[in-house]
Amino acid sequence: MPENTVPATSTPAATSTSAAPAAEAVPHRSLRLGVAGPVGTGKSSLIATICRSLADRLRIGVITNDIYTDEDARFLRSAGVLDPDRIRAVETGACPHTAIRDDVTTNLLAVEDLEADFSPLDLVLVESGGDNLTATFSPALVDAQIFVLDVAGGGDVARKGGPGIGRADLLVVNKIDIAPYVEVDVDRMVADAVAARGGAPVLALSKNVQPTVAALREWVLALMERHSSGVHTPVDPGPMAPHFHADGEGGGYVHSHGEDETHGRDGAHRENGSHRKDEAQGRDEAHRREGARGQDETPEGPAH
Amino acid sequence: MGTPSGAGIAARIVTLLLADARLPTGAHAFSSSLEPALLDGLRPGEIPAYIRSRLLTVGTVEAAAALVVARDPDAGTVAEVSTALEARTPAESQRAASTLLGRGLIRLARSLAPAAAQLGPGVAGRSPHRAVAMGLIASVWGIPEAELVTAMCYDDAQTVAAAALKLEPGDPFAATGWVLGIAGTVDAVLAEALPVTGPASIPAPSSPMIDQWAQAHAARDRRLFSA
Ligand SMILES: Nc1nc2c(ncn2[C@@H]2O[C@H](COP(=O)(O)OP(=O)(O)OP(=O)(O)O)[C@@H](O)[C@H]2O)c(=O)[nH]1
Ligand SMILES: [Mg+2]
């Protein structure tokens, strides 16, 4: 960003809050992982599970977006899975959607402050204020996101789709331990979800079922690995809704964007080359902007 | 005023953007202390009076500070105005809200072409007060003084009105009327703010109830708005 190339003038603004000493170390840029999903599906519990199972491997921070209280932050602090100072609550002014998508400012500043205060952090988890099926994170805020459904919401929710279900980096079908009590067939729900996601990962989880917790841990570690080796590309699940492609013979299929690889191999899309190209450029463009945005006051390495 | 073109239109668009609640600067989480005021017993019927009181106190200080910065947008003025603002903002929580919003504003402005080079940390610092950020932005785009002050007053009134609709049952049309109703008050703010000649002459009215409400809110654990 240009501000970093302009030589600093001699006198930095001299108030306690506005000084930006040139010598200040650049905080380590963590992997920022969003957790979204409807109210009560187990987002906070999932974050606690991640903290608990990865405390030995990763330096973690947490931002919660509470709608009316700081209950989520307090729940996590009291869970004893992380130093309470590393868990911060952000108010969203009754707009949990806005705070993770249209205007991520408050969350982004909170993430950066956490990274600066506890540098180096490997992973910052951002819990969205439990909202509805359509709320997803902007890549301006997070590098990857988990969308959490639970069996108690009904077995057919996964099939109904939506941006988070369709295109989050991971879809979690949570609380599978209580599936028998709510008459949900977990295998069926997971199969529906896999179909809705064009094969992208789906994890059946319960905090009370150890192998599923281990699988979550492995997924996070694999993501960290892809992120730090530079091969992970943040995807925005939001703007492009699943859409229909005619096959010229009166048929066709619905598909979702988000998985580049699937795309490149996709016959129908190769025919429609310009569409694909525009989209790829759009992504690159968005990327560059995000990179610039990641640099608030201090020069950082490439965001991705 | 003649029909603007080129830079004049850009200045007008920036003014409209600054007054737009959709501007991505984090302001949607703020109620201009209306939430704590209502919790402490302010009656909904008193909200228009609350809006006026804010404009004549906090609003006037912010407007004058922004103008001083806009006229002389260098690091020295920014430092002096920041000190003057802090001296006039006794509630720590209000100073914190102001620098958080200013940080969001300056960060956004820096991402936009003409401002990037002019608003480096050497001038604006990391987290300038909101009024300082407004003044710096006004200087970059050449926003006329009366328009800047009007936009700032509008923004504060609209913040209260929009928060009111989330905090109390009420008619959105009535809330729109409250905002339009500030015209006379904005005249009074302009009369105070325009003649200000430097950091030392920024007015120093007090608003102890607002200070008290803001402080109480910072310690509250059930709240919809950050401040
Ligand atoms: N049986 C069972 N209950 C769970 C599981 N995960 C979470 N819960 C319960 O589900 C309820 C909601 O969990 P939270 O983690 O608070 O859900 P949340 O999505 O963060 O909720 P909000 O932030 O209010 O939207 C709590 O009572 C948890 O104990 C699980 O794997 N199995
Ligand atoms: Mg929660």
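All values below come from the heavy atoms of this structure, side chains included, with hydrogens, waters and symmetry mates left out.
Atom CZ of Arg43(B) has 12 or fewer heavy atoms from other residues, nucleotides or ligands within 6.0 Å. By the neighbour-count criterion of 12 heavy atoms within 6.0 Å, atom CD of Gln118(B) is densely surrounded, having more than that number from other residues, nucleotides or ligands.
The two residues Gly93(A) and Lys166(B) come nearest to each other via the heavy atoms O-NZ, 3.5 Å. Across Pro24(B) and Asp102(A), no two heavy atoms sit closer than the pair CB-O, 3.8 Å. The shortest heavy-atom contact between His28(B) and Thr92(A) is ND1-O, 3.4 Å.
Only the backbone of Ala27(B) comes within contact range of chain A, with at least one heavy atom under 4.5 Å from a heavy atom of that chain. Contact annotation for Ala99(A): both backbone and side-chain heavy atoms come within less than 4.5 Å of a heavy atom of chain B. Interface residue Glu35(B): only side-chain heavy atoms are found under 4.5 Å from chain A.
Going from atom CZ of Arg103(B) over to atom CG of Leu109(A) covers 4.5 Å, rounded to the nearest 0.5 Å.
Between Arg74(A) and Asp221(B), some side-chain heavy-atom pair lies under the 4.5 Å cut-off.
Residues meeting the side-chain contact (heavy atoms from CB on, under 4.5 Å) test with Leu17(B), sequence neighbours left out: Ile13(B), Leu23(B).
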